[in-house]
2 protein chains.
Amino acid sequence: MPRMAASDRRAELLEAAIRVMARDGVAKATTRAVVTEAGMTLGAFHYCFESRAQLLELVTETLTERYVAEVRGLFAPHKDIRDSVLDSLHAFWKGFEANPGEHQISYELTQYALRNSGFEDVAGKQYEIFLRAFASLLELAADNAGIEWTEPVPVLARYVLSVIDGLNMIWLVDRNTDDSRAALEMLADHLLLHARPRAA
Amino acid sequence: MPRMAASDRRAELLEAAIRVMARDGVAKATTRAVVTEAGMTLGAFHYCFESRAQLLELVTETLTERYVAEVRGLFAPHKDIRDSVLDSLHAFWKGFEANPGEHQISYELTQYALRNSGFEDVAGKQYEIFLRAFASLLELAADNAGIEWTEPVPVLARYVLSVIDGLNMIWLVDRNTDDSRAALEMLADHLLLHARPRAA
DNA sequence: GTCTATAATGGGATAGAC
DNA sequence: GTCTATCCCATTATAGAC
């Protein structure tokens with residue numbers, strides 16, 4: 001085994017953990033499974049992390065940031081608000097279907113955080129970040145298209161995130177892509193109901 | 001310990017398991033925790049159930065049936081489609097807030113089923129039943145109000161279930177009742193977009 | 001710094017006494 | 001039929017050899 005800085009090991013263990021979780025689930029990502037995936041020994045784990053819980057916290061934060069970055073990157077601004085919304089939602093969905101395992105982890109980690117004391121704020125931060133990200137995209141879309149939203153943006157953001165999360169999770173169960181996309185397109189139409197030309 | 005028929009023990013263990021899971025989560029509902037809750041000994045467990053997995057399967061089926069029964073019971077038919085939809089959604093939400101723990105179990109069990117081989121069909125059946133239940137309520141609402149849906153009912157059912165699941169899960173994290181209810185009311189308006197008077 | 005060996009714990013399942 | 005005692009396994013974490 002090559003010598004490595006502890007920070008590099010940490011990064012490798014983090015990525016190994018994400019791979020194991022995407023493949024087998026959060027519960028199966030034991031310290032042993034993670035170090036095996038990373039090609040390290042069990043001892044290596046505990047000079048990089050205080051505990052398995054600490055690793056899970058880091059994974060949660062990392063995936064949250066990644067998802068937000070992905071969503072920002074996929075956002076498709078247009079002059080026409082309908083195009084913005086429709087293109088962006090399709091792009092988000094495509095990103096999800098390209099990598100469902102990684103999004104599934106996120107839902108599992110939320111459940112984990114809700115059920116383990118000392119982790120409540122982890123789930124809280126996770127969704128605070130998600131909600132803020134969608135809210136800021138809604139603002140951005142409005143700016144680009146010269147419209148304003150007739151409902152409070154935090155409520156719209158919660159609505160959009162709910163539909164996306166809900167559709168994702170049902171798709172994870174039944175893989176019904178056609179109905180999922182049809183429902184997603186309904187969401188686009190519904191959002192447009194709450195847009196009106198900006199007052200001068 | 002009193003003598004009991006195995007079937008009664010099974011029923012008690014089932015309810016004990018649901019209580020433990022609602023309180024502490026599915027992962028923490030070990031065989032030991034469940035028998036302690038039920039006031040039985042560990043040995044008792046294994047003449048009622050072949051394995052912990054079998055218990056989890058039974059819990060999943062039981063909670064699925066209960067939820068469907070609850071939703072059917074809360075459904076509020078009216079002559080006016082808007083009243084039907086709005087009243088029903090509010091009633092569903094009230095049911096959720098009255099017992100969030102039991103609904104949280106359902107999400108955890110879905111994740112569990114998705115991650116454990118031999119359980120894929122458990123999650124599949126769960127959502128098939130949910131989707132069918134919402135579809136049949138949509139049909140029922142349409143009949144009562146003399147309208148027809150302009151989108152395929154399975155797509156509408158998926159959409160409604162997604163919003164409800166998504167809002168529930170976000171609420172479990174941040175307990176923001178106001179924004180959740182506001183989003184739920186948006187769903188009602190959106191559904192109405194896809195209703196039109198029935199052709200004679 | 002690295003890794004083996006081993007604690008210490010908690011879990012599912014079972015054998016066998018009563 | 002009931003429950004104790006135990007097996008056996010996997011886990012997290014650590015101690016200590018190299």
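Numbered from 1 within each chain, the chains take letters A, B, ... in sequence-line order.
Separating the CZ atom of A:F49 from the P atom of D:dT11 is a distance of 18 Å, rounded to the nearest angstrom. Rounded to an integer number of Å, the gap from A:L56 CG to D:dA13 P is 10 Å. At whole-Å resolution of the value, CG in B:D24 and P in C:dG10 are 15 Å apart. Following rounding to the nearest Å, A:D8 (CG) and C:dG1 (P) show an atom-to-atom distance of 12 Å. Between the CD atom of B:E12 and the C1' atom of D:dT2 there is a distance of 15 Å, rounded to whole Å.
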### Query
What string of B, S and - do you get for nucleotides 11-18 of chain C 5' to 3' if you count protein non-hydrogen atoms under 4.0 Å?
BBBB----
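If you take CG on B:L187 and CH2 on B:W93, they are separated by 11.5 Å, rounding to the nearest 0.5 Å. A:L14 contributes atom CG, which lies 4.5 Å from atom CG of A:L58 (distance to the nearest 0.5 angstrom).
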If you look only at distance, which donor and acceptor atoms sit under 3.5 Å apart when one is on a side chain in residues 121-129 of chain A and the other is two or more places apart or in another chain?
unit_1: A:Q126; atom_1: OE1; unit_2: A:T110; atom_2: OG1; d: 2.8
unit_1: A:Q126; atom_1: NE2; unit_2: A:S106; atom_2: O; d: 3.4
unit_1: A:Q126; atom_1: NE2; unit_2: A:S106; atom_2: OG; d: 3.1
unit_1: A:Q126; atom_1: NE2; unit_2: A:T110; atom_2: OG1; d: 3.3
unit_1: A:Y127; atom_1: OH; unit_2: A:D165; atom_2: OD2; d: 3.0
unit_1: A:E128; atom_1: OE2; unit_2: A:R132; atom_2: NH1; d: 3.4

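Taking the six-membered ring where the residue is Trp, B:H190 and A:H190 present parallel rings, their angle staying beneath 30° rather than reaching 60°. Between B:Y112 and B:F119, the ring-plane angle classifies as perpendicular under the 30° and 60° cut-offs.
Considering only side-chain N and O atoms, A:R9 lies nowhere under 4.0 angstrom from the phosphate OP1 or OP2 of C:dG1.
Under the 4.0 Å criterion applied to side-chain N and carboxylate O atoms, B:E120 and A:R175 are not assigned as salt-bridge partners.
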